[in-house]
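First up is the structure itself, then whatever we jot down about it.
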Amino acid sequence: MSATPLRTLDAEEVAAELAGDEDGAWDTGAVRYGLDTFRIVYRTVDPHGRPTTASGLLALPRSGERRLRTVSFTHGTELSKDNVASVSHSVWDQAPALTYASAGFATVLPDYLGLGLGSGPHPWMDVPSETTAALDMLRASRAAATAQGRELRPEVLVTGFSQGASAALGLARSLQEGADGWFRLRAVAPISGAYAFHDAELPALLAGQTEPKASVIYTALTLVAFNRLHHLYDTPAQVFRAPYDHAVEGLLDGTHTGREVAAGTPDSIDALLTPRGRAMLAHPGGRLAAALRIADGVCTDWTPRVPIRLYYADGDEQAVTANTARCHAALRTRGVHAPPIDLGTPDYGGSRHLGSQQAGTAAVVRWFHGLR
């Protein structure tokens, strides 16, 4: 629908921005070129297949190459509509685009539905709509690149972080299955995903094995976001204790910052959930169990036929490493060699989970460069 030019940076400016992140410098070893970024607004469909619009960021390297290798990067959980690459100016939100594009790749970052300039609430961890949003963003980016005299090559290198790790696998599966007549899958490299939400992540959240405030927010997100699509409860008071039953759904509407959500939620899951709410997550059944099977299907219901690596950080305090272990095991039973790559103990603003995006981006861009 539109492609709005945002920024033009030379290689030195890219390197300075990446190195100057106050929460932790990003690796600049792959920086070779300057780049141009564009905010893309495009047509797609909502979780029910109805027409809607979404936004994303396209970054094109100033490399002199007309035909460009393409990277799709799907981002991690963001609570505010403004904390995505197409509208944010923070280094955190921009860094993957800067890293891959300055290394010579056309880089496509969908905001997902309901974030950026998208309308309505964001359907968090809904892999089907993340997949269609990412695929349609690729199509829109191809048109936008053509208007700039560039061409996106058919082979897509797919990566993503945290929530976006599952989204990356969903997009990879779709491309491998021939969902688009032009684009096809070349390789996939998810980072620190919650691929075993039913069997690993939810039990870890409830058992206090993850960072307490993150546990509260992810637990609230699970109930609120899945209820919007699958009707898990009739009133918030059935699953959330007072006074949070009156506030949680509003806090998670995409208009509040992470700090506001943190301030408006309790410090423990026991203070957040009613017995019914805890039981619903401890023993998922019915619609919730069905939705979780779809989310976890990114590792269990297809057989990748391209190179794949599973990146994770030891001691991740948000996405427990059992997620990667279970995904690796599920793919191995299908005869897929998907080596888990331990990123060690990276730190970004005091978080190993966030640090894994930083370390993973540096590792993945090197791996993608070596694939021909």
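- Residues T52 and D46 bring no donor and acceptor atom of their side chains to less than 3.5 Å of each other.
- Side-chain contact check for D111 and S55: at least one donor-acceptor pair (N or O, by modelled atom type) lies under 3.5 Å.
- We find the CE-CD distance between M125 and E130 to be 6.5 Å, quoted to the nearest 0.5 Å.
- Remark: R352 does not engage E211 in a salt bridge, criterion side-chain N to carboxylate O under 4.0 Å.
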TODO: Just do the side-chain contact (heavy atoms from CB on, under 4.5 Å) check on T274 and F240 with the steps written out, would you?
DONE: CA-CA 5 Å; T274 65; F240 298 118; 5.6 Å; no

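- Using a 4.5 Å heavy-atom cutoff, the side chains of I308 and L169 are in contact.
- At a cut-off of 3.5 Å, with distance as the only test, a side-chain donor of S351 or E317 sits close to an acceptor on the other residue.
- Considering OG of S88 and CG of N83, their distance stands at 6.0 Å, rounded to 0.5 Å.
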- [ ] Check the pair R186, V156 against side-chain contact (heavy atoms from CB on, under 4.5 Å), reporting the backbone distance first and the verdict last.
- [x] CA-CA 5 Å; R186 176 63 183 92; V156 182; 5.9 Å; no

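- Linking ILVMFWY side-chain heavy atoms closer than 4.5 Å, directly or via other members, places Y195 and V306 in a single hydrophobic cluster.
- In this structure the side chain of I40 never reaches within 4.5 angstrom of the side chain of S86, judged on heavy atoms.
- Between the side chains of D296 and H198, no donor-acceptor pair of N or O atoms lies under 3.5 Å.
- The minimum heavy-atom distance linking F368 with A187 is given by the pair CE2-CB, 4.4 Å.
- The hydrophobic clustering, which links ILVMFWY residues whose side-chain heavy atoms are closer than 4.5 Å, places V239 and V216 together.
- Under a 4.0 Å N-O distance rule, the pair R278/D270 qualifies as a salt bridge.
- Rounded to the nearest 0.5 Å, atoms CD1 (I269) and CZ (R241) are 12.0 Å apart.
- Residue L109 is grouped with residue V91 when hydrophobic side chains (ILVMFWY) are merged at heavy-atom distances under 4.5 angstrom, including chains of intermediate members.
- Residues Q318 and Y218 bring a donor and an acceptor atom of their side chains to less than 3.5 Å of each other.
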Side chains of residues 281-292: which donor-acceptor partners sit under 3.5 Å, not counting sequence neighbours?
{"from": "R287", "atom 1": "NE", "to": "H230", "atom 2": "O", "distance (Å)": "3.4"}
{"from": "R287", "atom 1": "NH1", "to": "H231", "atom 2": "O", "distance (Å)": "3.3"}

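- With 3.5 Å as the limit, one finds a donor-acceptor pair spanning the side chains of S215 and T210.
- The side-chain heavy atoms of D316 and V320, taken from C-beta on, include no pair separated by under 4.5 Å.
- With salt bridges taken as basic N to acidic carboxylate O contacts below 4.0 Å, none links R43 and D136.
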TODO: Could you walk me through whether T159 and S72 pass the side-chain contact (heavy atoms from CB on, under 4.5 Å) test, one step at a time?
DONE: CA-CA 6 Å; T159 183; S72 171; over 6 Å; no

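- Taking CG of L98 as the reference point, atom OG1 of T107 lies at 9.0 Å (rounded to 0.5 Å).
- Taking all atoms of both residues into account, the shortest heavy-atom contact from D93 to P96 is O-CD, 4.0 Å.
- Side-chain polar atoms of T8 and D36 form a donor-acceptor pair below 3.5 angstrom.
- Hydrophobic cluster membership is shared by W92 and V14, with clusters built from Ile, Leu, Val, Met, Phe, Trp and Tyr side chains linked at under 4.5 angstrom.
- The side chain to side chain contact (heavy atoms under 4.5 Å, CB included) test with F105 singles out one residue from L60, L68, T70, L157, and that residue is L157.
- Taking 4.0 Å as the cut-off between side-chain N and carboxylate O, R184 and E155 count as a salt-bridged pair.
- Side chains of E151 and R66 form a contact here, defined as non-hydrogen atoms less than 4.5 Å apart.
- With rounding to the nearest 0.5 angstrom, the OG atom of S192 is 6.5 Å from the CG atom of L343.
- With contacts defined as side-chain heavy-atom distances shorter than 4.5 Å, the pair W302/R334 does not qualify.
- In this structure, L223 and M280 have side chains that are in contact, with non-hydrogen atoms separated by less than 4.5 Å.
- Residues V365 and L185 do not share a hydrophobic cluster, clusters being chains of Ile/Leu/Val/Met/Phe/Trp/Tyr side chains in contact below 4.5 Å.
- Here Y348 and H353 keep their ring centres 6.0 angstrom or further from each other.
- Taking 4.5 Å as the limit, every side-chain heavy atom of I341 sits out of range of all side-chain heavy atoms of W367.
- By the 4.5 Å heavy-atom criterion applied to side chains, T77 and I217 are not counted as neighbours.
- Considering CG of L113 and OG of S129, their distance stands at 5.0 Å, rounded to 0.5 Å.
- Ring pair Y112/W124: centre-to-centre distance not below 6.0 Å.
- No cation-pi contact links R139 to W182, judged by a cut-off of 6.0 Å to the six-membered ring centre and 45° from its axis.
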